[in-house]
Amino acid sequence: MHSHGFVRVATSTPQVRTADVGYNAQGILEEARRAHAQIIDLLLFPELCLSSYALDDLLIQAALLDAVERELAQIVEASHDLTPVLVIGAPLRRGGRIYNCAVVIARGAVLGVVPKSYLPNYREFYEKRWFARGNNCTGLTISVASGEVPFGTDLIFAADNLPGFIFGIEICEDFWAPNPPGVAAALAGATILLNLSASNITIGKSDERHMLTSASSARCVCAYAYSASGYGESTTDLAWDGQGMIYELGDLMAESVRFDHRPELCVVDIDTRRILNERMRMGTFNDAAEDAGRPEDHYRRIGFEHRYSAGDVGLQRPIRRFPFVPNRADKLDADCYEAFNIQVDGLMRRIEATSAKSLVIGISGGLDSTHALIVAAKAMDRLGRPRSDIRGYTMPGFATSDATKTNAWRLMEAFGITAEEIDIRPAAERMLEDIGHPFASGKKLYDTTFENVQAGLRTDYLFRLAGQHSGFVIGTGDLSELALGWCTYGVGDQMSHYAVNAGVPKTLIQYLIRWTVRTDQFDAASHAVLEDIVDTEISPELVPADADGAIQSTQAIIGPYELNDFFLNHVIRWGQSPGHVAFLAWHAWRDAKSGMWPIDFPDDAKHEYDLATIAHWLENFLRRFFGFSQFKRSALPNGPKVSAGGALSPRGDWRAPSDAVADVWLADLAAALPELGK
C-alpha cells in the first residue's frame with residue numbers, strides 16, 4: 001500500500017466526559033492504540049476533545065488549562081510507541097491569550113500547533129468570549145509538552161519518507177468561511193486536509209457538512225477528513241452526533257456511524273498519487289497557487305520521519321470495479337438518463353445541422369449497434385420525425401450466426417425503422433479473389449485481411465447508402481474498442497459521419513441497455529429483444545466457428561472488457577502507472593464476493609481474476625493502447641464525450657503521437673510484478 005502512495009487515514013470519536021481532562025486523555029490514547037493496531041498512519045480527533053468543547057466559561061479556568069497541558073504531555077510521551085500521527089484538539093495558552101488549537105503529535109514529539117482562524121460568535125456559538133483568533137499567527141512558536149514548537153496557520157506537515165503524505169489543518173468554522181484557510185494549505189502542497197470539529201447537530205446539518213467536505217476536497221484537489229464531537233459532550237443546550245467522514249476529490253470514501261455511544265474509527269486509504277496526478281493535469285490548480293502568491297514559498301513545511309509498516313497491510317478503500325458505470329443508488333436513474341441523453345442530444349443537433357433526410361446504421365445484433373439504434377430512435381422521437389427515417393441494414397458475412405441475424409431483424413422490426421438486408425459474401429469473395437487471398441482458392445485462412453475485407457465492405461456499403469438516401473452514417477464503435485484499436489481503420493468500423501458511442505465504453509453500454517429496459521424507455525417488444533442482445537457473447541463474427549462450433553470471441557482475444565475498461569479509466573483519467581493500476585485491479589477483482597458491484601448487476605456475471613490474469617491482460621492493454629492503435633484514434637469522426645472518465649478524441653481529452661512505443665509502460669509493469677515475468 002505505502003509503496004503505491006496510499007496513506008491510511010482515520011477519524012475518531014473518542015470516549016469523553018465533560019471537563020474531565022484526564023478521562024478524555026485516556027479515551028484519546030485508547031483510540032490511538034486501536035489505530036496503531038489497525039496500522040493507521042494519520043488519526044484525526046474532534047475539536048477541543050482533550051478538554052471538551054461545550055464548557056463555556058470553564059475554558060478560561062486556570063485549573064482546567066493546567067490539566068490540559070499536563071495530560072497533553074502524557075499523550076505525547078505515550079505516542080513514542082505508536083504508529084499514527086495524532087491530531088488532537090486542545091485549548092492552549094500563549095502570550096496571555098487562549099487559542100483553540102490542533103496539536104500534531106508523532107513518535108513522542110509535538111510537530112506543531114495550528115490555531116483556529118475563524119471563531120463563530122453567532123446563534124449558539126460564543127467562541128470569541130474565550131479564544132483569540134489565530135488567522136494572523138504565522139512564523140511563531142509555542143511552548144507545549146516541555147518544548148518550543150512551531151505555531152501558526154502557516155504550517156503543513158510532510159512525511160519525509162513517504163512522498164505525497166502531506167497534510168494541512170482547519171478547525172470547524174474554518175471551512176464554513178468564504179475563504180477557508182485549508183485552501184492555502186492545499187495550494188502550499190498539502191494533499192490531505194483535516195478538520196477537527198465540534199459542530200453540534202441539528203436537522204439537516206449532516207447534509208451541510210457533506211456538501212462542504214465534498215466541495216473542499218474537489219475544489220482543493222485533495223482528500224478531506226472531518227471529525228465531529230460525539231457522545232460525552234455537554235447536552236445542556238446542544239446535541240452531538242460524532243460524525244466522521246473522509247472524501248477524496250469530491251467522492252465520499254468512508255463515513256462513521258452517527259450517534260454511536262461507543263468510540264469509533266472511520267478508516268480509509270487515501271491515494272495521494274491520484275491527487276498529485278490530478279493537480280498536474282489540472283493547470284487551474286497551479287494558476288490558483290500563483291495568484292495566491294505561491295503559498296509554498298511562505299508556508300513552513302514541517303518534515304518528519306513516519307514510522308509505518310512497510311509490508312503488505314491490505315487496502316482499506318472502496319474501489320469501483322466498473323468506474324464508468326453509475327453507482328449512486330439515490331441518483332442511479334438520473335445518472336443513466338444523463339449518460340443516455342448526452343448521446344441523444346448530440347445526435348439531434350447533428351441531424352438538425354446537416355438537414356439529414358435519413359440516418360444510416362449497420363445493425364449486427366450486437367451491443368454497440370443496438371445501443372446506437374436506441375439512441376437514434378430516441379433522437380427521432382424527440383425531433384418529431386418518423387423512425388422510418390432510420391435506415392437499418394443487417395449485412396451477414398462468412399461467420400454471421402443465425403442468432404445475431406435473427407436479433408438484428410427482431411430489433412429493427414420492434415423499433416419500426418426501415419430495414420433491409422445486404423449479403424456481403426459475394427462482394428467479399430470477389431474482393432478476396434481480386435487481391436489473390438488464399439481463401440479464394442479454398443484455403444481456410446482467416447487472417448486480418450480476411451476479417452477487414454468484410455468490415456470494410458460493410459462500411460463502404462453504408463457510406464454509399466447514406467449518399468443515396470441523403471443521410472449520414474451513424475458510427476457504432478465504442479470507447480473500449482477505440483482504446484484497444486479493435487476496429488478496422490478508414491473504410492471500416494473506425495469511420496462514420498457521427499460516432500454516437502465513441503465516448504461510451506462497453507461496460508456502460510451494457511448497463512445503459514439494461515437501464516432502458518428497466519425504466520420502460522421503449523415498448524415491450526423492444527425490451528424483449530434488448531434483453532436477449534445484452535446477454536449474447538460479444539463477437540465480431542468475422543471468422544467461422546471452429547470444429548467444435550465455438551464462435552470467435554472478442555474477449556478471448558483482447559481480454560475481458562470489464563478489466564480493459566478498469567485499466568482504461570485509471571490510465572486516461574488519472575494517469576496512473578501500470579504497477580499502480582495492477583495493484584488497484586487486484587484489490588478490486590480478486591474476490592467476487594467482496595467489494596462493490598453496480599446496482600442490480602446480474603449475479604451470474606460477477607467474475608473474479610487472480611493477479612497473473614490481471615497482469616496478462618494489463619500487459620496486452622498497454623501494448624495495444626500505447627503501442628500501435630493511436631493512429632486510429634487520431635482520425636476519429638465527431639462524437640460526444642459522455643463520461644467524466646474520459647474520451648479519446650484528439651480534439652478532446654486525449655492527444656498522443658501515433659508513432660509512440662509502449663516500452664516505458666511495459667517496463668513499469670514488469671518492475672512492479674517481477675515474479676510474474678519469470
Side-chain angles (χ1 to χ4, degrees), residues 342-380 383 385-397 400 408-409 411-412 415 417-424 427-428 431 451-479 481-482 486-504 509 540-542 632-642 647-651:
I342 289 169
Q343 296 178 269
V344 172
D345 188 74
L347 182 56
M348 289 170 60
R349 180 70 188 99
R350 183 54 55 99
I351 293 169
E352 291 180 328
T354 60
S355 300
K357 294 182 179 179
S358 69
L359 304 181
V360 175
I361 182 169
I363 304 296
S364 68
L367 287 170
D368 292 346
S369 63
T370 296
H371 188 63
L373 176 58
I374 64 179
V375 169
K378 188 66 75 172
M380 286 305 209
L383 289 171
R385 291 182 54 172
R387 290 187 188 174
S388 57
D389 284 351
I390 303 172
R391 305 188 67 87
Y393 296 88
T394 183
M395 293 178 280
T400 301
W409 271 105
L411 185 69
M412 293 189 291
F415 276 84
I417 68 173
T418 300
E420 295 186 35
E421 181 175 318
I422 299 175
D423 187 343
I424 66 165
M431 181 177 285
E451 296 187 37
N452 284 350
V453 162
Q454 297 172 77
L457 279 170
R458 285 170 174 150
T459 303
D460 200 357
Y461 274 116
L462 293 174
F463 270 87
R464 298 328 130 217
L465 288 162
Q468 182 179 0
H469 296 286
S470 301
F472 62 84
V473 177
I474 302 296
T476 61
D478 62 53
L479 183 68
E481 293 178 342
L482 292 170
W486 191 249
C487 51
T488 301
Y489 181 75
V491 184
D493 54 330
Q494 178 261 354
M495 187 49 60
S496 65
H497 287 116
Y498 193 71
V500 294
N501 289 342
V504 189
I509 282 179
E541 293 195 327
L542 295 171
K632 298 180 181 181
R633 298 187 288 269
S634 294
L636 283 182
N638 297 162
K641 177 179 176 178
V642 174
L648 292 172
S649 167
R651 301 167 296 277

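Under a 3.5 Å cut-off, the side chain of Ser369 and the backbone N or O of Ser364 do form a donor-acceptor pair. Panel note: side chain Lys632, backbone Gln494; no donor-acceptor pair is recorded below 3.5 Å. Checked by atom type and distance alone, the side chain of Arg350 never pairs as donor or acceptor with a backbone atom of Tyr498 at under 3.5 Å. When atom types are taken as modelled, the side chain of Thr418 and the backbone of Ser388 share a donor-acceptor pair closer than 3.5 angstrom. No donor-acceptor pair closer than 3.5 Å links the side chain of Thr488 to the backbone N or O of Ala455.
When Ile361, Leu359, Val360, Leu462 are each tested for a side chain to side chain contact (heavy atoms under 4.5 Å, CB included) with Phe472, only one passes: Leu359. With Asp389 as reference, Arg385 is the one residue of Arg387, Arg385, Arg391 to meet the salt bridge (charged side-chain N to carboxylate O under 4.0 Å, His left out) rule.
Across all their heavy atoms, Ile474 and Leu347 have their closest contact at CD1-CD1, 3.5 Å. For Pro396 against Thr400, the heavy-atom pair with the smallest separation is CA-OG1, 3.3 Å. Nearest approach of Met431 to Leu457, heavy atoms of both residues: CE-CD2, 4.1 Å. Here the closest heavy-atom approach between residue Gly397 and residue Ile424 is recorded as CA-CG1, 3.9 Å. For the residue pair Arg651 and Pro637, the shortest heavy atom distance occurs at NH2-O, 3.2 Å. Nearest approach of Lys641 to Ala647, heavy atoms of both residues: CG-CB, 4.0 Å.
Side-chain atoms of Glu420 and Leu465, non-hydrogen and from C-beta on, never get closer than 4.5 Å to each other.
Classification of the His497-Phe463 ring pair by plane angle, with boundaries at 30° and 60°, yields tilted.
Qualifying salt bridge (charged side-chain N to carboxylate O under 4.0 Å, His left out) partners for Asp493, counting only residues two or more places apart in sequence or in other chains: none. Taking the ring-ring contact (aromatic ring centres under 6.0 Å, His included) definition, one finds that Phe415 meets it with Phe522, sequence neighbours left out.
A salt bridge links Arg464 with Asp460: at least one charged nitrogen is closer than 4.0 Å to a carboxylate oxygen.
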